[in-house]
Amino acid sequence: RWEEERYPEGIKWKFLEHKGPVFAPPYEPLPENVKFYYDGKVMKLSTKAEEVATFFAKMLDHEYTTKEIFRKNFFKDWRKEMTSEEKSTITNLSKCDFTHMSQYFKAQTEARKQMSKEEKQKIKEDNERLLKEYGYCVMDNHKERIANFKIEPPGLFRGRGNHPKMGMLKRRIMPEDIIINCSKDSKIPSPPPGHKWKEVRHDNKVTWLVSWTENIQGSIKYIMLNPSSRIKGEKDWQKYETARRLKKCVDKIRNQYREDWKSKEMKVRQRAVALYFIDKLALRAGNEKEEGETADTVGCCSLRVEHIKLHPELDGQEYVVEFDFLGKDSIRYYNKVPVEKRVFKNLQLFMENKQPEDDLFDRLNTSILNKHLQDLMEGLTAKVFRTYNASITLQQQLKELTNPDDNIPAKILSYNRANRAVAILCNHQRAPPKTFEKSMMNLQSKIDAKKEQLADARRELKSAKADAKVRRDEKSKKTVESKKKAVQRIEEQLMKLEVQATDREENKQIALGTSKLNYLDPRISVAWCKKWGIPIEKIYNKTQREKFAWAIDMAEEDYEF
DNA sequence: TTGTAGACTTGGAACAATTTTA
DNA sequence: TAAAATTGTTCCAAGTCTACAA
């Protein structure tokens, strides 16, 4: 259905109408009996100061609030919201006692959980109304779901990892901050009474409906459409088509960079080694970042000398590179990789006379790399390698792991294993769930119980058989049959549980979601489901099926990535 | 060439809803 | 039927990459 209209270069839509954003609910002051204490004495805060104090109080149980930087940033920003009297009294965060406030919020949460069915129902209906009213827009001839129509509420910024700005106040966004984007001939959304938009524009070269500038990094935030929308789906499809084009020329590119390892030019050698890492290890490009503005994380081009160790020999392997660095979201990348001798020698060369904190690829950045890639293939950038290698790995692993004789749960285990191979390649990790050990034990006891049940059923079958042999009548024959079926059923259940246990154990620290949603050409999965008669619901939940509707429509069982 | 704003994708954790279990 | 476990959804931060100006 997307092929209906063709747009001229750069034009994203012709008609766009929406209702504008939903703002965060206004601050509700605390009841009189909820106290804040400073230096052991009750202190009544001004509304503005109180609001910011509640942000801190709500996080009191979190490790964040014990961190030096968090406390420093918070206190600095909090003081800005205080009246001059408050400012002169409250000079030390350690003397602030938020525990009463914190208890109050905990009680509120508890009360919310204990609400009656009717009350919960009412909240649900209110949410649905809001969604119906503000959650959709019309883009060209389609009604589309909006991904994030609610403006982010004010609060304390929590970066990931060791973020220098953690604890800073994320200010409340007002209509005066908001830029509305829609078409001229649409019904333009009206700002809340007594307010004005910052700007209304009609830019059909972009896909966003609403934008504002956030105060922590000064970056722009957007309201955009849901992944199920035409505009996102088409782009997603294109992404995989680009990766498939890479498939056709990847051998040539690999030969090229292997040649370039020998280049006379340092820049070319560095480029070639970096590209090799991006290709072989699925590293991210690694843009430069402004120092002190964000956590210290790196990608390929921004690797520093301190992030790798060279081992001429390690555990019986030659030329091993040991990687240890923090990547996106401060997730650690740790890997020991044997590499070609030439790569190893080049790395030694790149590291010569450098300090640990110096760039490994000092003649290279993402812009140079991507320009080169653009010359190798139109539309090729560093991230395409991640998409390509992820998708090709899934396809190849599915081929290798799927056993035609397996039943459905076993086949799904194979799918998850293929998915897992990709997640490991892309270093998609998660914190092991807090209840992991316990849930593993529960599952094991279920398995044990099932085994006993199976033994019982087998015994019963045996005696039924013996009985039938003696009696030789229809009724006892029937009993044998039904006992046989029972054994079979229990065997199947046991197998299912065992598969589940394996799957869970292997998945302890691996996050499958990101690769499934962003890196794996969905047509590979759709084709696999069709080929083996696996219902697509077993692989994709409702949201995922909506996002991948285009692929479910398009792919047949013989689809090749 | 370098710097910066802007637009869009990718990412894990927190939270909420649903299902299973005791 | 409540609580626990599991699964799905939301949140919003943190990347990539392009365009454009100096």
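Nothing here was measured: the structure is a model prediction, and the numbers come from that model. Residue numbering restarts at 1 for every chain, and letters A, B, ... go by the order of the sequence lines.
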Query raised in the report: Quick one: what's the B/S/- string for nucleotides 10-17 of chain C, heavy-atom cutoff under 4.0 Å, read 5' to 3'?
Result: --SSBSBB
Query raised in the report: What is the per-nucleotide protein-contact pattern of nucleotides 16-22 of chain B, from the 5' end, where B denotes a base atom under 4.0 Å from a protein heavy atom, S denotes such proximity for sugar-phosphate atoms only, and - denotes neither?
Result: -----S-
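Rounded to an integer number of Å, the gap from CD of Glu537(A) to C1' of dT7(C) is 16 Å. A straight line from CZ of Arg545(A) to P of dG8(C) spans 10 Å, rounded to a whole angstrom. Put simply, CD on Glu293(A) is 15 Å from C1' on dA5(B), counting in whole angstrom units. To the nearest angstrom, P of dG11(B) lies 18 Å from CD of Gln509(A). Rounding to whole angstrom units, CD1 of residue Ile11(A) and C1' of dA7(B) are separated by 15 Å. The distance from atom CZ of Arg430(A) to atom C1' of dT7(C) is 12 Å, rounded to the nearest whole Å. The distance between atom NZ of Lys58(A) and atom P of dA14(B), rounded to the nearest whole Å, is 17 Å. When rounded to the nearest whole Å, the span between CG of Leu517(A) and P of dT9(B) equals 12 Å.
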Requested in this report: Could you check Glu125(A) against Gln121(A) for side chain to side chain donor-acceptor pair (under 3.5 Å), going step by step and ending with a plain yes or no?
Outcome: CA-CA 6 Å; Glu125(A) 279 166 13; Gln121(A) 186 59 29; 3.2 Å; yes
Requested in this report: Any chance you could lay out the side chain to side chain donor-acceptor pair (under 3.5 Å) test for Asn287(A) and Ser302(A), step after step, and finish with the verdict?
Outcome: CA-CA 6 Å; Asn287(A) 286 305; Ser302(A) 50; over 6 Å; no
Query raised in the report: Yes or no on ring pair (Phe, Tyr, Trp, His ring centres under 6.0 Å) for Phe56(A) and Trp78(A), after CA distance, side-chain angles and deciding distance?
Result: CA-CA 10 Å; Phe56(A) 195 85; Trp78(A) 187 27; 7.6 Å; no
Requested in this report: Applying side chain to side chain donor-acceptor pair (under 3.5 Å), run through Arg386(A) and Tyr519(A) and close with a yes or a no.
Outcome: CA-CA 7 Å; Arg386(A) 249 167 105 80; Tyr519(A) 288 104; 3.0 Å; yes
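Salt-bridge formation is detected for the pair Glu506(A)/Arg417(A): a Lys NZ or Arg NE/NH1/NH2 atom is positioned less than 4.0 Å from an Asp or Glu carboxylate oxygen. By the 4.0 Å N-to-carboxylate-O rule, Asp296(A) lies close enough to Arg304(A) to be salt-bridged with it.
Not one side-chain nitrogen or oxygen of Lys542(A) sits closer than 4.0 Å to the OP1 or OP2 atom of dT7(C). Taking only side-chain nitrogens and oxygens, Ser211(A) never comes nearer than 4.0 Å to OP1 or OP2 of dG6(B). For dG6(B), neither phosphate oxygen OP1 nor OP2 lies less than 4.0 angstrom from any side-chain nitrogen or oxygen of Ser219(A). For Tyr519(A) and dT9(B), the shortest distance from a side-chain N or O to OP1 or OP2 is not below 4.0 Å. The shortest distance between the side-chain N/O atoms of Lys239(A) and the OP1/OP2 oxygens of dC8(B) is not below 4.0 Å.
Here Lys12(A) lies in heavy-atom contact (under 4.0 Å) with sugar-phosphate atoms only. Across all strands, Thr207(A) comes closer than 4.0 Å only to sugar-phosphate atoms, never to a base (heavy-atom distances).
No hydrogens or angles considered: nothing links the side chains of Ser330(A) and Asn162(A) as a donor-acceptor pair under 3.5 Å.
Note that Lys280(A) lies outside the cation-pi zone of Tyr276(A), set by a 6.0 Å cut-off to the ring centre and a 45° limit from the axis.
Using bins of under 30°, 30° to 60° and over 60° for the plane-to-plane angle, the ring pair Phe323(A)/Tyr333(A) lands in the perpendicular bin. Between Phe157(A) and His163(A), the ring planes lie perpendicular to each other; the angle is over 60°, past the 30° to 60° tilted range.
Both Tyr222(A) and Asn427(A) sit near DNA chain B, but only Tyr222(A) has its closest nucleotide nearer the 5' end. The nearest heavy atom of DNA chain B to Ala431(A) and to Lys205(A) marks one nucleotide each, and the one closer to the 5' end goes with Lys205(A).
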